[in-house]
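First the structure, in the form of structure tokens, and then the observations on it.
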Amino acid sequence: EQDNDIAVLKIDATGLQPVTLGDSDQLVVGETVYTIGNPLGELTYSLSNGLVSALDRLITTSSTNQTTGQTETTTLNVLQTNCDINPGNSGGPLFDSYGNVVGIVTAKYTQTSSGVSAEGLGFALPINDVKEIINDLIEHGYVTGKPYLGIQVQDVSDEAQRYGISAGAAVLSVADGSCAQEAGLQVNDIIIAIDDTAIDSSSALTAALSSNYKAGDTATLTVIRGSEELKLTITFDEEKLSALKRYMGKKELDLDREMTDALVKLYEKYVPAPVREYIDESDVSAAAPSKPRRSPRAAAPKPDQESEVIQ
């Protein structure tokens with residue numbers, strides 16, 4: 001689950017001692033917590049302690065998609081802690097005083113956009129949120145209920161705003177058959193509000209969707225189209241897997257027959273049945289006389305969220 005940087009792995013091993021998952025809803029600010037990780041990739045099983053500094057923080061991380069070159073943002077609901085967190089701690093457990101896992105370390109605040117350094121600002125995914133993700137991945141192969149608009153957006157530039165164009169999320173593209181298209185959203189529209197929440201950037205739109213809405217919910221988008229302000233009613237689709245094209249952009253790779261066939265074999269061996277239901281298998285199909293071959297798309301590398309500047 002790329003947005004939260006969570007995966008479920010099945011391993012063949014015996015005699016392992018599983019951790020006990022706690023209840024992150026019972027945490028209070030000021031409670032002592034502990035992290036175990038491998039900081040810098042060199043200091044295995046390092047323990048650090050600290051406090052729960054805040055609950056239910058919404059933070060935004062950003063990274064550059066190496067395939068498309070576009071900046072992608074992700075908004076997360078997290079716990080804040082002052083435990084020492086360094087590269088190598090990401091993915092490690094956050095324990096309470098009873099040894100229960102109450103979070104998974106995911107990010108740290110390193111500096112502001114203006115370059116001011118910061119220390120003691122670490123973040124972890126609440127374990128109760130992670131439990132829901134794990135259950136969905138195992139049962140369905142994807143996280144259910146995530147709202148999907150079917151658009152690509154970017155911020156309205158400062159230069160454009162100086163000429164009187166409203167701040168907001170400017171629509172770059174609208175997917176065919178998406179709820180956005182059905183609602184009447186068009187390229188070059190500027191989304192400035194969703195219901196009563198003002199939208200002044202693409203990250204603000206992402207944050208509003210992830211924190212306030214589920215698939216199937218209905219909302220009112222306020223958009224600027226030319227010199228008009230419009231109200232559009234939209235019912236959100238559910239975001240599902242779309243094979244090798246969801247996070248990969250539109251860049252095609254020229255792969256020879258052997259490489260393509262190898263990818264197909266890996267797909268058939270390792271992609272579980274629940275996931276295949278939501279995959280366009282023409283993206284990974286082997287060449288056959290009866291239908292043309294299409295080149296698979298290359299997956300973008302996963303961003304290291306713990307090193308991102310959180311604005």
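Residues: numbered from 1 along the sequence shown.
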From CA spacing to verdict: side chain to side chain contact (heavy atoms under 4.5 Å, CB included), Ile192, Glu229:
CA-CA 9 Å; Ile192 61 172; Glu229 181 177 303; 4.1 Å; yes

More than 12 foreign heavy atoms under 6.0 Å from CG of Asn188: is that the case here?
no

Please answer whether the main-chain N or O of Gln186 pairs with a side-chain N or O of Asp189 as donor and acceptor at a distance below 3.5 Å.
yes

Taking the side chain as every heavy atom from C-beta outward, state whether Asp84 and Thr35 have any atom pair closer than 4.5 Å.
no

Side chain to side chain, Leu149 and Leu205, heavy atoms closer than 4.5 Å:
yes

For side chain to side chain contact (heavy atoms under 4.5 Å, CB included), just list the numbers for Thr106 and Val78, CA-CA rounded to whole Å, side-chain angles, deciding distance to a tenth of an Å, and then say yes or no.
CA-CA 9 Å; Thr106 189; Val78 294; 4.2 Å; yes

Quick one: are the ring centres of Tyr213 and Phe236 less than 6.0 Å apart?
yes

Do Ile224 and Ile165 land in one hydrophobic cluster if side-chain heavy atoms of ILVMFWY residues count as linked below 4.5 Å?
yes

What is the distance from atom OH of Tyr142 to atom CG of Asp136, rounded to the nearest 0.5 Å?
8.0 Å

Mind listing the closest non-hydrogen atom pair of Gly145 and Glu238 along with its distance?
N-OE2, 2.6 Å

If you compare all heavy atoms of Val52 against all heavy atoms of Leu55, which two are closest, and at what distance to 0.1 Å?
CG1-CD2, 3.7 Å

Is the shortest heavy-atom distance from the side chain of Asn212 to the side chain of Leu209 under 4.5 Å?
no

Is there side-chain contact between Leu125 and Asn77, with heavy atoms separated by less than 4.5 Å?
no

Euclidean distance, Ile191 CD1 relative to Asp200 CG, rounded to 0.5 Å
12.5 Å

Under 4.5 Å between side-chain heavy atoms, hopping through other hydrophobics if needed: is there a path connecting Val153 to Leu185?
yes

Does the side chain to side chain contact (heavy atoms under 4.5 Å, CB included) test come out yes or no for Arg225 and Leu232, once each step is laid out?
CA-CA 11 Å; Arg225 180 177 300 165; Leu232 302 177; 4.2 Å; yes

Taking all atoms of both residues into account, what is the closest heavy-atom pair of Leu51 and Gly30, and its distance?
CD2-O, 3.4 Å

Heavy-atom closest pair, residues Gly22 and Asn128
O-OD1, 3.7 Å

Rounded to the nearest 0.5 angstrom, the CZ-CG distance for Phe95 and Asn100 is 9.0 Å

Is there a chain of hydrophobic side chains (I, L, V, M, F, W, Y, each step under 4.5 Å between heavy atoms) that links Ile127 to Leu137?
yes

Those residues that, when tested against Glu42, pass salt bridge (charged side-chain N to carboxylate O under 4.0 Å, His left out) (two or more places apart)
none

Looking at Lys131, I'd like to know if its NZ atom is crowded, meaning that more than 12 non-hydrogen atoms belonging to other residues, nucleotides or ligands lie closer than 6.0 Å.
yes

Would you call Glu31 and Asp96 a side-chain contact if the rule is heavy atoms closer than 4.5 Å?
yes

Check for me, please, whether Val171 and Ile234 land in the same ILVMFWY cluster - side-chain distances under 4.5 Å, paths through other members count.
yes

Would you say Thr144 and Lys214 make side-chain contact, with heavy atoms under 4.5 Å?
no

Using a cut-off of 6.0 Å, state whether more than 12 heavy atoms not belonging to Glu159 lie near its atom CD.
yes

Within the distance-only criterion (no hydrogens, no angle test), does the side chain of Gln181 pair as donor or acceptor with the backbone N or O of Asp176 below 3.5 angstrom?
no

Could you tell me if the side chain of Val33 sits less than 4.5 Å from the side chain of Leu94, heavy atoms only?
yes

Count I, L, V, M, F, W, Y as connected when their side-chain heavy atoms are under 4.5 Å apart, and connections chain through other members. Are Val19 and Val102 then in the same cluster?
no

Distance-only, no hydrogens or angles: does the Asn38 side chain make a donor-acceptor pair with backbone N or O of Leu43 under 3.5 Å?
yes

Residues Ala107 and Ile59: closest non-hydrogen pair is CB-CD1, 4.4 Å

Any side-chain heavy-atom pair from Ile6 and Ile104 closer than 4.5 angstrom?
yes

CD of Gln152 to OG of Ser202, rounded to nearest 0.5 Å, is 11.0 Å

Just by distance, do the side chain of Lys146 and the backbone of Glu239 share a donor-acceptor pair under 3.5 Å?
no

Minimum heavy-atom distance between Val29 and Ser53, given as atom pair plus value:
CG1-O, 3.6 Å

Applying side-chain hydrogen bond (donor to acceptor under 3.5 Å, both in side chains) to Lys231 and Thr222, what does each step give before you reach the verdict?
CA-CA 5 Å; Lys231 302 285 186 180; Thr222 304; 2.9 Å; yes

Measure the spacing between SG of Cys83 and OH of Tyr34 and express it to the nearest 0.5 Å.
9.0 Å

Atom OG of Ser157 and atom CZ of Arg162: how far apart are they, to the nearest 0.5 Å?
8.0 Å

Under the side chain to side chain contact (heavy atoms under 4.5 Å, CB included) criterion, do Asp217 and Thr235 qualify, and how do the steps go?
CA-CA 6 Å; Asp217 288 348; Thr235 300; over 6 Å; no

